[in-house]
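One structure below.
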2 protein chains.
Amino acid sequence: MGRPTMEDVAALAGVSRALVSIVYRDAPGASDATRARVLAAGAELGYRPDHRARLLGRTRTRLLGVTFDVQASFHGDLVEALYTAAESAGYDLALSAVAPSRSESRAVQSLLDYRCEALILLGPTLKPSALAALAESQPTVVVARKVRAPGVDVVRTDDTTGSRLAVEHLLALGHTKIAHIDGGKTPGSPERRTGYRNTMRAARLTPLIVPGGPTEDEGARAAKTFLDDAPRATAVTVFNDRSAVGFLDIIRQSRRVPDELSVIGYDNTTVAALSHIDLTTIAQDTPRLAAHATTTALARLAGTPTTPDQTIPPTLIPRTTTGPPR
Amino acid sequence: MGRPTMEDVAALAGVSRALVSIVYRDAPGASDATRARVLAAGAELGYRPDHRARLLGRTRTRLLGVTFDVQASFHGDLVEALYTAAESAGYDLALSAVAPSRSESRAVQSLLDYRCEALILLGPTLKPSALAALAESQPTVVVARKVRAPGVDVVRTDDTTGSRLAVEHLLALGHTKIAHIDGGKTPGSPERRTGYRNTMRAARLTPLIVPGGPTEDEGARAAKTFLDDAPRATAVTVFNDRSAVGFLDIIRQSRRVPDELSVIGYDNTTVAALSHIDLTTIAQDTPRLAAHATTTALARLAGTPTTPDQTIPPTLIPRTTTGPPR
DNA sequence: ATGAAAGCGCTAACAT
DNA sequence: ATGTTAGCGCTTTCAT
């Protein structure tokens with residue numbers, strides 16, 4: 001009845017429970033013969049250690065708590081990468097979803113109840129003060145959002161470099177009239193705007209910034225402004241993929257892409273990869289973001305000093321919306 | 001040091017641990033005065049019960065294990081709805097993500113290690129035999145996939161009805177020449193095709209099925225076939241939203257939507273709601289799917305008989321890609 | 001290398 | 001209504 005316990009395995013293998021524990025944690029202190037015998041007994045019974053008991057018995061839970069937005073596909077990528085990063089550090093992940101009907105603080109609270117050793121928050125919207133409060137009780141690392149809060153570490157993509165890569169790609173193709181569709185006051189927007197502007201100036205070209213925003217609608221609206229303000233531009237860098245998709249939808253009515261106009265997005269979302277969109281874009285390095293987040297959390301736990309604001313370079317994903325100017 | 005335990009709260013409130021336990025589970029057996037005093041003491045210390053210990057102490061974990069695809073936004077909706085459904089039944093959720101680098105069986109295994117009472121698998125790809133094996137040790141309910149496996153309950157959307165709703169919507173608008181872009185051998189495709197065909201026949205109209213598939217590309221390709229095979233059709237029901245988006249991308253080059261052609265998708269994905277797409281579509285009822293999944297799992301736990309294949313009616317989401325024929 | 005025994009922080013059955 | 005006591009299934013000293 002019920003699942004076999006450590007006791008059952010010990011009995012079958014003819015050893016004490018302690019030994020079974022040693023074997024299953026592969027800790028030192030058991031002969032190879034015993035190890036084999038215990039494992040065989042365990043396998044025969046279909047034994048699997050009870051994770052709850054394991055957590056309770058240990059001083060350290062070796063659990064990393066992660067909150068994520070269940071709708072953001074970028075968070076999906078990060079979660080996947082975090083599993084890998086955590087595992088190689090001997091940690092397990094506790095997932096807690098954030099959704100319209102499930103607030104971030106609830107999600108965090110439930111992680112705390114599991115006694116996670118550290119918190120990794122993906123794109124949190126909590127106020128800096130709330131984040132700082134969390135950081136007082138355990139290491140707290142914020143991923144993909146630029147915030148300054150005492151004791152909180154942040155790991156994010158270097159958006160200034162991302163914009164630079166976009167512009168340099170267009171320069172290399174031979175473009176000189178390059179406009180930027182702005183992201184308004186969306187997080188990341190100032191950095192991306194700066195990267196664009198600096199790179200243009202370094203190339204002794206005149207920056208031209210068209211107001212915009214993060215949604216498809218705002219991209220579509222920006223397309224109309226663009227046609228008025230920068231009719232002679234041969235290329236644009238757009239704040240993000242969503243906006244770029246809206247922009248493309250309108251712009252294609254009067255321009256062939258990429259023959260007459262090159263367009264480059266940002267984020268490398270799923271929609272950018274769709275074959276009928278096939279948008280050149282800038283990708284965030286999720287494996288590195290995840291690895292750094294994990295490393296930072298563990299460093300804090302170990303009492304090692306950390307870099308409170310780490311920035312990871314993104315990469316360019318060339319697709320078919322960019323090409324040489326005609 | 002460390003977080004306060006039940007012992008600390010008991011000491012501060014001047015009662016025994018058992019009373020504190022009673023109060024925090026709000027179980028009967030404590031006077032209102034005591035209850036208030038304990039709660040006050042707990043609040044002062046910032047006490048929160050240790051979830052691990054709670055799990056271990058209880059005979060029943062009151063934990064529902066959920067596997068989901070971290071990339072599927074539909075799964076995101078379901079997870080959110082499951083939180084709600086589980087909570088109102090006094091259960092908590094344990095989430096385990098499935099991703100390219102994290103197999104479904106791994107995800108399930110980790111859930112089992114937490115001693116979840118039941119498993120809720122979202123769109124699993126495990127073989128029926130594997131599912132049946134799981135169902136032997138605990139209630140196992142499959143959501144959003146039609147499978148037959150002994151002991152496994154499935155909860156899914158009634159796709160035949162979904163297609164019927166789509167066709168009826170078009171009939172109500174006055175269309176009579178309605179084609180269907182097929183989904184090939186994708187799960188759900190036969191049901192949707194049947195729903196279309198039956199509804200057409202019931203209206204004494206001739207069904208016309210154009211081969212297709214679940215991706216944007218296949219939708220785009222189907223658009224070309226459609227123009228050849230059904231040039232006089234005034235409306236189409238497309239297998240799913242992704243395919244519909246590809247279809248629209250091509251069809252708009254020669255037809256105005258909805259003036260010359262009405263298009264209706266299926267799934268109500270995020271992309272369908274995008275304002276520049278604004279696709280009329282069929283939505284799955286995630287709250288009900290979640291509620292039924294939970295209810296079914298709990299019924300199995302209670303030993304109550306269950307309906308092994310439950311089907312939930314979808315609803316029509318009218319947007320701007322459908323309108324009366326000219 | 002192996003075993004005995006004391007927790008981990010709760011829940012739950014029982015006694016008062 | 002309140003307190004006592006024995007687990008839950010592990011981990012972790014500490015002996016042997």
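Here is the naming used below: chain letters follow the sequence lines, and residue numbers restart at 1 for every chain.
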Next on the checklist: My understanding is that only one of A:Val70, A:Thr286, A:Leu122 makes a side chain to side chain contact (heavy atoms under 4.5 Å, CB included) with A:His75; could you say which?
Outcome noted: A:Leu122

Report the distance from atom [atom1] of [X] to atom [atom2] of [N], rounded to the nearest whole Å.
{"X": "A:Arg60", "N": "D:dT12", "atom1": "CZ", "atom2": "C1'", "result": "15 Å"}
{"X": "A:Met6", "N": "C:dG3", "atom1": "CE", "atom2": "P", "result": "13 Å"}
{"X": "B:Asp50", "N": "C:dC8", "atom1": "CG", "atom2": "C1'", "result": "8 Å"}
{"X": "A:Asp32", "N": "C:dT2", "atom1": "CG", "atom2": "C1'", "result": "15 Å"}
{"X": "B:Arg115", "N": "C:dC10", "atom1": "CZ", "atom2": "P", "result": "21 Å"}
{"X": "A:Arg54", "N": "C:dG9", "atom1": "CZ", "atom2": "C1'", "result": "19 Å"}
{"X": "B:Ile22", "N": "C:dC10", "atom1": "CD1", "atom2": "P", "result": "15 Å"}
{"X": "A:Leu19", "N": "D:dT16", "atom1": "CG", "atom2": "C1'", "result": "14 Å"}

Checklist entry - Considering heavy-atom distances to DNA chain C, does A:Gly57 or B:Leu55 have its closest nucleotide positioned more toward the 5' end? => result A:Gly57

Touch check for [X], heavy atoms < 4.0 angstrom, all strands: base, sugar-phosphate only, or nothing?
{"X": "A:Ala30", "result": "sugar-phosphate"}
{"X": "A:Leu56", "result": "base"}
{"X": "B:Tyr47", "result": "sugar-phosphate"}

Next on the checklist: Let me spell it out: for each of B:Ala53 and B:Ser16, pick the nucleotide of DNA chain D with the closest heavy atom. Which residue's pick is nearer the 5' end?
Outcome noted: B:Ser16

Next on the checklist: Which is more 5' along DNA chain D, the nucleotide nearest B:Arg37 or the one nearest A:Ala18? Just name the residue.
Outcome noted: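 The 5'-side residue here is B:Arg37.
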
Are any of the side-chain heavy atoms of [X] and [Y] separated by less than 4.5 Å?
{"X": "A:Leu112", "Y": "A:Leu119", "answer": "yes"}
{"X": "A:Phe68", "Y": "A:Val143", "answer": "no"}
{"X": "B:Asp309", "Y": "B:Arg148", "answer": "no"}
{"X": "A:Asp50", "Y": "A:Thr5", "answer": "no"}

Distance test, side-chain N/O of [X] to OP1/OP2 of [N], below 4.0 Å:
{"X": "B:Arg58", "N": "C:dT11", "value": "no"}
{"X": "A:Ser21", "N": "D:dT11", "value": "yes"}
{"X": "B:Thr59", "N": "D:dC8", "value": "no"}
{"X": "B:Arg25", "N": "C:dC10", "value": "no"}

Checklist entry - Which listed nucleotide (D:dT2, D:dT4, D:dC10) is nearest to the side chain of B:Thr34? => result D:dT2

Item to check | D:dT4 base / B:Arg17 side chain donor-acceptor hit below 3.5 Å | outcome: no

